[in-house]
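Note sheet for the following structure.
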Amino acid sequence: MKTPVRVAVTGAAGQISYSLLPRIADGSMFGAQQPVILQLLEVPVEKAMKALEGVAMELHDCAFPLLHDLILTDDPKQAFKDANWCLLVGAKPRGPGMERADLLKDNGKIFTTQGSIIDEVAAEDARIAVVGNPANTNAMIAASKARRLPAERFTAMVRLDENRARTMLAHRAGARCSDVSDIFIFGNHSPTMFPAFGHAKIKGAPAVDAIKDRSWLEFDFCEKVGKRGAAIIAARGSSSAASAANALVDHVRDLSTPGKIHSVAVKSMGHYGFSPDVWAGMPVKTTAPGTYEIITGVELDEFAKSKIAATNKELVEERSMVADLIG
Ligand code: NAD
Ligand code: LMR
């Protein structure tokens, strides 16, 4: 029997976690042979902790063979203690009419505290994935507090955007989403993000040839991917949850699987013209479990460069909005 992986999940009584936790405990994230210990964090408020107890009851009632232990806590030091993965979901979601950056002032502070505590108590090999919005900038804030863990261990999720883009291309081409490959998200998890359709393939052929409508790709497609979160809020009355949980399963599973190429928001290091210190979506290749290299060879035309400049500008603006929280 393998040693269990310790997975800390924040916001564990929230919407996303309700879909996420069973997928971790049933082996979807780390594989069918990998036991897990879930270390679940909520805010120190009676209602939230009571709801968390209910979530734990349901997890027990699933009788998942891989779930070796469940820790419920409102103490971040206990939640992150020895954690191999820290999944930072807990944060306020936006409502109708808001942009994700509007959450910065409320949510940014959460990631200063959690970044410091993770750095202090998490496992030597800890990896951190940020979902709470605005995810890119929150990952940057958390990483800025780390002295022991290197910045590349802190990633933010743009996989939901990749999955959305994949399905939209498939539908437009009359294909299946499994027929679409090489669709990567550049930049911020916001309407400025750039789903780089120029490299996408459908059944191995360029998507631009299969779709034969550049105007749809440049305008409708980019806008629909960028504003999908708002469309879901308008339809459901609350933000995406099941698809966000599914994307986090994909994000962590693919970061744990050598050879996988996928979109992740990482410290840009100046690649693709991004400011070096912002966290930007880009394609990475997993080289060993939890370790990746940025794929640098993607060629960009003038349209792509202008889209990346716009999303970089927004990331730089977000960074300056939280200057007092960094470092
Ligand atoms: P939710 O309100 O249903 O749940 C959030 C939970 O986090 C709540 O239970 C709350 O008590 C808890 N929480 C708040 N502050 C906390 C803290 N400091 N420590 C621990 N727990 C804390 O929200 P949700 O729908 O689950 O969404 C969570 C976040 O994920 C939001 O910011 C949302 O915008 C974001 N999100 C991101 C993506 C993405 O693709 N990156 C997709 C969907 C949602
Ligand atoms: C999403 O993309 O669905 C999430 O980031 C939630 C939101 O606020 O759009």
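Both ligands and their constituent atoms are indexed starting at 1 by order of listing.
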Point to revise | Residue-ligand contact Q114/ligand 1, heavy atom below 4.0 Å | key: yes
Exercise for review: Work out whether the distance between some heavy atom of S240 and some atom of ligand 1 is less than 4.0 Å.
Suggested key: yes
Look at [atom] and say which protein heavy atom is nearest, naming residue and atom and giving the distance to 0.1 Å.
{"atom": "atom 36 (N) of ligand 1", "result": "N133 ND2, 3.4 Å"}
{"atom": "atom 16 (C) of ligand 1", "result": "V43 CG1, 3.4 Å"}
{"atom": "atom 5 (C) of ligand 1", "result": "A91 O, 3.5 Å"}
{"atom": "atom 11 (O) of ligand 1", "result": "E42 OE1, 2.7 Å"}
{"atom": "atom 37 (C) of ligand 1", "result": "V131 O, 2.9 Å"}

Using a 3.5 Å cut-off on N or O atoms only, is [X] in polar contact with ligand 1?
{"X": "G90", "answer": "no"}
{"X": "S17", "answer": "no"}
{"X": "I110", "answer": "no"}

Revision key, fill the gap. Counting heavy atoms under 4.0 Å, the part of Q15 that contacts ligand 1 is both
Check your understanding: Heavy atom under 4.0 Å from ligand 1: found in A244's side chain, backbone, both, or neither?
Key -> side chain
To which of [options] does the heavy atom nearest [atom] belong?
{"atom": "atom 2 (O) of ligand 1", "options": "S243, G11, G14, P93", "value": "P93"}
{"atom": "atom 31 (C) of ligand 1", "options": "K92, K47, M98", "value": "K92"}
{"atom": "atom 24 (P) of ligand 1", "options": "L52, L248, I16", "value": "I16"}

If only atom types and distance count, is the side chain of [X] paired as donor or acceptor with the main-chain N or O of [Y] below 3.5 Å?
{"X": "T112", "Y": "I326", "result": "no"}
{"X": "E58", "Y": "E53", "result": "no"}
{"X": "N107", "Y": "A91", "result": "no"}
{"X": "W279", "Y": "F154", "result": "yes"}

Exercise for review: Determine, for R172 against D220, whether the closest basic-nitrogen to carboxylate-oxygen distance falls under 4.0 angstrom.
Suggested key: no
Using a 6.0 Å cut-off, check whether atom [atom1] of [X] has over 12 heavy atoms from anything other than its own residue.
{"X": "M49", "atom1": "CE", "answer": "yes"}
{"X": "R228", "atom1": "CZ", "answer": "no"}
{"X": "Y18", "atom1": "OH", "answer": "no"}
{"X": "R148", "atom1": "CZ", "answer": "yes"}
{"X": "K201", "atom1": "NZ", "answer": "yes"}

Exercise for review: List the steps and the verdict of salt bridge (Lys or Arg N to Asp or Glu O under 4.0 Å) for K92 and D106.
Suggested key: CA-CA 8 Å; K92 208 166 138 179; D106 283 338; 2.7 Å; yes
Practice item. Report, in ascending order of atom number, the atoms of ligand 1 lying under 4.0 Å from any heavy atom of L160. Key: 40 (O), 42 (C)
Practice item. Check ligand 1 against V89 and write out every atom of the ligand that is under 4.0 Å from a heavy-atom position of the residue. Key: 28 (C), 29 (C), 30 (O)
Exercise for review: With salt bridge (Lys or Arg N to Asp or Glu O under 4.0 Å) as the test, would you mind laying out the steps for D301 and R214 before giving the verdict?
Suggested key: CA-CA 13 Å; D301 62 14; R214 182 139 188 124; 3.1 Å; yes
Practice item. Go through the steps for E218 and K307 under the test salt bridge (Lys or Arg N to Asp or Glu O under 4.0 Å), then give the verdict. Key: CA-CA 10 Å; E218 287 187 359; K307 296 294 279 184; over 6 Å; no
Atom pairs and distances, ligand 2 N/O vs protein N/O under 3.5 Å:
residue	atom	partner	partner atom	Å
ligand 2	2 (O)	R100	NH2	2.7
ligand 2	2 (O)	R164	NH1	2.9
ligand 2	2 (O)	R164	NH2	3.4
ligand 2	2 (O)	H189	NE2	3.2
ligand 2	3 (O)	R164	NH2	2.7
ligand 2	3 (O)	S240	OG	2.6
ligand 2	5 (O)	R100	NE	2.8
ligand 2	5 (O)	N133	ND2	2.8
ligand 2	5 (O)	H189	NE2	2.6
ligand 2	8 (O)	R94	NE	2.5
ligand 2	9 (O)	R94	NE	3.2
ligand 2	9 (O)	R94	NH2	2.8
ligand 2	9 (O)	R100	NE	3.3
ligand 2	9 (O)	R100	NH2	3.0

